Amino acid sequence: NNLANNESINLLHFALKKQWYRFFIMPNLTYSSSVENIEDETKENVQYGLDLGYNIKGLKDKLWLGFGANITNDNNENKFIWNAKAYYQISSKAYIYIKYLNANTSNFSEDNAQYYYNSVSNLVDKISATFNYNFTPKFSWFINYQYENNEDLENDFLFTYNTFITGLKYDF
């Protein structure tokens, strides 16, 4: 019995961003449609979201705080997903970015649909931290740590991932 899941996912994301000096607000909508190639079963999902961000004046705009909230439909049940994030400019060449995400579901998009989480397990929550150093305006190095807490509902157990990623980035 082969339980492999071959799935095709189509994603459409639409957002409007309004900036008022140090504050921004961005309502968004994400539509996803997935087709399971084994059973030709189509699943559709609509995710409504709102992102907010603010640069702190007292710290000379070096600290940015953000918050995001989404409602998505997972198996005909509305799920609430939220995140809090902070970006701190350490120097003109270095910054750190920290994010906490609480989901308790699967099949959702995050970071303006840059990432799509589709797993048989639920993502309970995730903490990530990224340090970036710019050697030049176009060439930089980054290191990212991520802690993921997941729940397998079918087998009733929790498990975690600890991930380190590093790399060099060059903008053409």
Side-chain angles (χ1 to χ4, degrees), residues 3-7 9 11 13 15 17 24-30 32 34 43 45-56 59 61-75 77-135 139-171:
L3 297 177
N5 187 4
N6 296 321
E7 201 170 3
I9 298 173
L11 197 64
H13 179 75
K17 183 177 180 180
F24 84 83
I25 186 168
M26 184 172 57
N28 58 75
L29 172 79
T30 304
S32 65
S34 61
K43 297 177 193 172
N45 184 13
V46 177
Q47 180 175 319
Y48 304 93
L50 182 67
D51 289 306
L52 308 167
Y54 186 75
N55 281 327
I56 308 296
L59 297 171
D61 292 327
K62 290 184 177 190
L63 178 63
W64 175 87
L65 300 175
F67 177 79
N70 292 274
I71 294 176
T72 188
N73 188 293
D74 185 16
N75 294 325
E77 184 182 342
N78 286 336
K79 299 285 185 156
F80 182 69
I81 303 164
W82 64 274
N83 67 70
K85 46 201 164 210
Y87 171 95
Y88 184 70
Q89 187 77 36
I90 299 167
S91 71
S92 62
K93 293 189 175 220
Y95 70 81
I96 189 162
Y97 176 72
I98 299 170
K99 178 180 175 185
Y100 173 77
L101 170 72
N102 184 284
N104 291 309
T105 190
S106 60
N107 296 316
F108 65 94
S109 69
E110 62 176 300
D111 291 337
N112 295 314
Q114 290 181 43
Y115 309 105
Y116 191 77
Y117 186 87
N118 64 329
S119 177
V120 293
S121 64
N122 281 349
L123 174 66
V124 176
D125 57 4
K126 176 172 60 173
I127 299 169
S128 62
T130 303
F131 172 80
N132 189 84
Y133 184 82
N134 297 309
F135 297 108
F139 182 59
S140 64
W141 167 72
F142 70 90
I143 186 166
N144 173 271
Y145 168 74
Q146 186 168 286
Y147 171 83
E148 237 181 74
N149 184 19
N150 295 284
E151 181 177 17
D152 183 329
L153 297 174
E154 190 171 313
N155 298 304
D156 194 30
F157 69 91
L158 295 170
F159 60 99
T160 59
Y161 291 111
N162 289 285
T163 309
F164 281 98
I165 299 171
T166 188
L168 297 171
K169 180 181 172 188
Y170 183 78
D171 294 328

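These numbers were taken from a predicted model, which means no experiment stands behind them. As a basis for the values below, the full set of heavy atoms in this structure was taken, side chains included, without hydrogen atoms, waters or symmetry mates.
- In this structure, CD1 on I165 lies 8.5 Å from OG1 on T130, to the nearest 0.5 angstrom.
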| field | Trace of the side-chain contact (heavy atoms from CB on, under 4.5 Å) decision for W64 with K85 | value | CA-CA 8 Å; W64 175 87; K85 46 201 164 210; 3.7 Å; yes
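- Rounding to the nearest 0.5 Å gives a distance of 9.5 Å between OG1 of T72 and OH of Y48.
- Between the CG atom of L29 and the CD atom of Q47 there is a distance of 9.0 Å, given to the nearest 0.5 Å.
- The two residues L168 and F142 come nearest to each other via the heavy atoms N-CE2, 4.4 Å.
- Ring geometry for F164 versus Y145: interplanar angle of 30 to 60°, hence tilted.
- Judged by distance alone, with hydrogens and angles left aside, the side-chain atoms of S106 form no donor-acceptor pair with the main-chain N or O of N118 at under 3.5 Å.
- For Y97, there are no ring-ring contact (aromatic ring centres under 6.0 Å, His included) partners two or more places apart in sequence or in a different chain.
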| message | What verdict does the side-chain contact (heavy atoms from CB on, under 4.5 Å) test give for V46 and N73, after you've listed the backbone C-alpha separation in whole Å, the side-chain angles of each residue and the deciding distance to 0.1 Å? | response | CA-CA 6 Å; V46 177; N73 188 293; over 6 Å; no
| Pair T30-Y116, side-chain contact (heavy atoms from CB on, under 4.5 Å): steps then yes or no | CA-CA 11 Å; T30 304; Y116 191 77; 5.7 Å; no
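- Residue-environment remark: CD (Q114) exceeds the threshold of 12 foreign heavy atoms within 6.0 Å.
- If you take NE2 on H13 and OG on S32, they are separated by 12.5 Å, rounding to the nearest 0.5 Å.
- Taken to the nearest 0.5 Å, the CZ atom of F24 stands 9.5 Å off from the CG atom of N55.
- In Y161, the OH atom is not crowded: 12 or fewer heavy atoms of neighbouring residues, nucleotides or ligands sit closer than 6.0 Å.
- Proximity of L101 to Y117: side-chain heavy atoms (C-beta onward) are nowhere separated by under 4.5 Å.
- Counting all heavy atoms, side chain and backbone alike, W141 lies closest to G167 at CD1-O, 3.3 Å.
- Taking the side chain to side chain contact (heavy atoms under 4.5 Å, CB included) definition, one finds that Y54 meets it with R22, F23, I56, sequence neighbours left out.
- For S140, the side-chain hydrogen bond (donor to acceptor under 3.5 Å, both in side chains) test picks out no residue, with sequence neighbours left out.
- Take D171 and apply the salt bridge (charged side-chain N to carboxylate O under 4.0 Å, His left out) test, not counting sequence neighbours, and it matches K169.
- Looking at residues two or more places apart in sequence or on another chain, you find no ring-ring contact (aromatic ring centres under 6.0 Å, His included) involving Y147.
- Not a single salt bridge (charged side-chain N to carboxylate O under 4.0 Å, His left out) links D125 to another residue, sequence neighbours left out.
- Legend: residues meeting side-chain hydrogen bond (donor to acceptor under 3.5 Å, both in side chains) with D156, ordered by chain and number and at least two apart, are absent.
- Applying the ring-ring contact (aromatic ring centres under 6.0 Å, His included) test to Y115 and every residue at least two apart in sequence or in another chain returns nothing.
- Annotation for S109 and A113: closest pair CB-CA, 3.9 Å, computed over non-hydrogen atoms.
- N45 contributes a side-chain N or O that, together with a main-chain N or O of N107, makes up a donor-acceptor pair within less than 3.5 Å.
- Under the salt bridge (charged side-chain N to carboxylate O under 4.0 Å, His left out) criterion, E110 pairs with K99, K126, sequence neighbours left out.
- Annotation: side-chain hydrogen bond (donor to acceptor under 3.5 Å, both in side chains) contacts of D152 (sequence neighbours excluded): N155.
- Using a 4.5 Å cut-off on side-chain heavy atoms (C-beta onward), N104 and K79 make no contact.
- With hydrogens and angles left out, the side-chain atoms of N112 and N28 include no donor and acceptor closer than 3.5 Å.
- Between the CD1 atom in I96 and the CG atom in L63 there is a gap of 11.5 Å [rounded to 0.5 Å].
- Contacts of S128 classified as side-chain hydrogen bond (donor to acceptor under 3.5 Å, both in side chains), with partners at least two apart in sequence or in another chain: none.
- A 4.5 Å side-chain heavy-atom check between I81 and N83 finds every atom pair outside the cut-off.
- The ring-ring contact (aromatic ring centres under 6.0 Å, His included) check on F135 picks up Y133, F139, with sequence neighbours excluded.
- Closest of all the heavy-atom pairs between N70 and G49 is OD1-CA, 3.1 Å.
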